[in-house]
Amino acid sequence: MKIGIYGQFYHENSEIYIQMLLNALQKKETEVLIEENFLGIINQHQDITKNFSGFSTFTELDSSFDLFFSIGGDGTILKAVTFVGDLGIPIVGINTGRLGFLATIQKEEMTESLNQILEGEYSISERSLLTVETYPESDEIQPLNFALNEVAVNRRNTTSMIKVETLVNDKYLTSYWSDGLIVATPTGSTGYSLSCGGPVIDPEANNIVLTPIAPHNLNARPLVIPDSCTITLKVSGRESSFLVSMDSRIATLENETSIIIKKAPFTIKLIQLHDDSFIKTLRKKLLWGEDKRN
């Protein structure tokens, strides 16, 4: 079995979980490759008791990998997606952060969950993505022109609102006067979109949600549409440019640039343990069903 590992060390006390993962993989005699920069961080960290200099490294992945471990929070998983792309390598998220909607393994259950995964006791959750094209083309968008959570347009260097002219399947929908607009996948519905009042959508639903950011008109509400739709956006405002983000990656575009957003032709595979589900994650992370009156 060939396994890749990626992390960013954004979270306090994550070294113990990195140690546990590397020790478990060595016992299984797997071929382990660690992202080059991450291995450098590991070997510089004083709380990692074993020197892992002998591990092979990677800067890019190929289809020969069987699993890809992401150590950190949801943001680390989103960056891991840029390594995996359309290769179809299943991702295992180890949550050493806080909320961790996307993670497979919670740090409190590390040992048991790792054993299940290495024994093949898991299922695959296929997650849709969005792709982005612009006219005129932008070098800042390519080649990583996809997003697992959302594509969002935001105002730049101004306190003034922007106008986001929005078309669905080439038919005019509306112009949002707002701080911006989020176009989210079901996976991304529990992220930025949710914080702006968008609905929670099950990952298995074939939908996209449009969520305005602080709209000027209160009748501008989130809208759920089929993921077969193509969304076209055109932004204008007092500034000559605006920001477009694809998960954690941000580009600057000139006003009146056409942004075409559609469902990607590939999916991301997230490992899911047999006793886990999206509904269970919602209950746990959002504290649904708990009586807080006492």
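Starting from 1, each residue takes its place in the sequence as its number.
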Indicate yes or no for a side-chain donor-acceptor contact from Glu126 to the backbone of Ile268 under 3.5 Å, with no hydrogens or angles considered.
-> no

With the 4.5 Å side-chain cut-off for hydrophobic clustering, are Val81 and Ile271 part of the same group?
-> no

Of all heavy-atom pairs between Glu133 and Tyr135, which one has the smallest distance, and what is that distance?
-> OE1-OH, 3.4 Å

Determine yes or no for a side-chain-to-main-chain donor-acceptor pair under 3.5 angstrom, with Asp62 supplying the side chain and Ser64 the backbone.
-> yes

Distance-only donor-acceptor pairs under 3.5 Å for side chains of residues 200-210, two or more places apart:
residue, atom, partner, partner atom, Å
Asp202, OD1, Glu204, N, 2.8
Asn207, ND2, Ile225, O, 3.4

Main-chain N/O of Lys79 paired with Thr82 side-chain donor or acceptor, under 3.5 Å | yes

Step by step, would you call Ile3 with Leu25 a side-chain contact (heavy atoms from CB on, under 4.5 Å)?
-> CA-CA 9 Å; Ile3 291 175; Leu25 294 178; 3.5 Å; yes

What's the shortest heavy-atom distance between Ala152 and Tyr192, and which atoms?
-> CB-CE2, 4.2 Å

Working for side-chain contact (heavy atoms from CB on, under 4.5 Å), residues Phe38 and Ile18 = CA-CA 11 Å; Phe38 188 44; Ile18 298 168; 3.7 Å; yes

Out of curiosity, Met161 CE to Thr158 OG1, how far, rounded to the nearest 0.5 Å?
-> 10.0 Å

Taking only residues two or more places apart in sequence or in another chain, which ones pass side-chain hydrogen bond (donor to acceptor under 3.5 Å, both in side chains) with Glu119?
-> Lys28

For Glu35 and Ile5, what are the C-alpha separation, side-chain angles and deciding distance, and is it a side-chain contact (heavy atoms from CB on, under 4.5 Å)?
-> CA-CA 6 Å; Glu35 192 270 330; Ile5 299 176; over 6 Å; no

Linking I/L/V/M/F/W/Y whenever any side-chain heavy atoms sit under 4.5 Å apart, do Ile91 and Leu102 land together?
-> yes

Give the minimum heavy-atom separation between Lys269 and Gly88, together with the two atoms involved.
-> CD-O, 3.5 Å

Got a second to check how far Ile94's CD1 is from Ser70's OG, nearest 0.5 Å?
-> 8.0 Å

Output side-chain donor-acceptor pairs under 3.5 Å for residues 233-246, partner residues at least two apart or in another chain, one line each.
residue, atom, partner, partner atom, Å
Arg238, NH1, Ser160, OG, 3.4
Ser241, OG, Arg156, NH1, 3.0

Evaluate whether atom CD of Glu108 has more than 12 neighbouring non-hydrogen atoms of other residues, nucleotides or ligands under 6.0 angstrom away.
-> yes

Side-chain (Arg249) to main-chain (Phe146) donor-acceptor, under 3.5 angstrom = yes

With side chains defined as the heavy atoms from C-beta onward, is the minimum distance between Leu78 and Thr76 less than 4.5 Å?
-> no

Answer yes or no: is there a side-chain heavy-atom contact under 4.5 Å between Lys107 and Ile105?
-> no

side-chain contact (heavy atoms from CB on, under 4.5 Å) evaluation trace for Glu140 with Thr252 = CA-CA 8 Å; Glu140 292 189 60; Thr252 301; 4.1 Å; yes

Consider only side-chain heavy atoms of I, L, V, M, F, W and Y, link residues closer than 4.5 Å, and tell whether Phe69 and Ile77 are in one cluster.
-> no

Taking the side chain as every heavy atom from C-beta outward, state whether Ser193 and Cys196 have any atom pair closer than 4.5 Å.
-> no

Mind checking the NZ-CD spacing from Lys2 to Glu31? Nearest 0.5 Å is all I need.
-> 5.0 Å

Please check if Leu273 and Leu270 belong to a single hydrophobic cluster, counting links between Ile, Leu, Val, Met, Phe, Trp and Tyr side chain heavy atoms closer than 4.5 Å.
-> no

By side-chain hydrogen bond (donor to acceptor under 3.5 Å, both in side chains), which residues pair with Ser125, not counting sequence neighbours?
-> Arg127

Would a distance-only check, ignoring hydrogens and angles, find a side-chain to backbone donor-acceptor pair under 3.5 Å from Thr257 to Leu253?
-> no

How long is the span from the CG atom in Leu21 to the OG1 atom in Thr111, to the nearest 0.5 Å?
-> 11.0 Å

Smallest separation among heavy atoms of Asn95 and Ala103, with atom names = CB-CB, 3.4 Å

For Phe101 and Leu282, which heavy atoms make the closest approach, and how far apart are they?
-> CE2-CD2, 3.8 Å

Heavy-atom neighbours of Gln142 CD exceed 12 at 6.0 Å = yes

Is Phe266 linked to Val132 within one hydrophobic cluster, defined over Ile, Leu, Val, Met, Phe, Trp and Tyr using a side-chain heavy-atom separation of less than 4.5 Å?
-> no

Lys/Arg-Asp/Glu bridge criterion (N-O < 4.0 Å) met for Asp179, Arg155 = yes

Hey, what's the ring geometry for Phe83 with Tyr6, parallel, tilted or perpendicular (30° and 60° as the breaks)?
-> tilted

Starting at CD1 of Ile141, measure out to OG1 of Thr131 and round the result to the nearest 0.5 Å.
-> 11.0 Å

Taken in chain and number order and not counting sequence neighbours, the residues that satisfy side-chain hydrogen bond (donor to acceptor under 3.5 Å, both in side chains) with Asp139 are none

Return a table of donor-acceptor pairs under 3.5 angstrom between the side chains of residues 169-177 and protein atoms on other chains or two or more places apart.
residue, atom, partner, partner atom, Å
Asn169, OD1, Thr230, N, 2.9
Tyr172, OH, Ser175, N, 3.1
Tyr172, OH, Ser175, OG, 2.9

Heavy-atom check, side chain of Thr185 versus side chain of Leu130, under 4.5 Å = yes

Output yes when a side-chain donor or acceptor of Asp247 lies under 3.5 Å from a complementary backbone atom of Asn149, and no otherwise.
-> yes

Evaluate the side-chain proximity of Val92 to Ile117: yes if any heavy-atom separation is below 4.5 Å, no if none is.
-> yes

Atom CG in Leu286, atom CG in Leu194: separation rounded to 0.5 Å?
-> 6.5 Å

Side-chain (His216) to main-chain (Ser178) donor-acceptor, under 3.5 angstrom | no

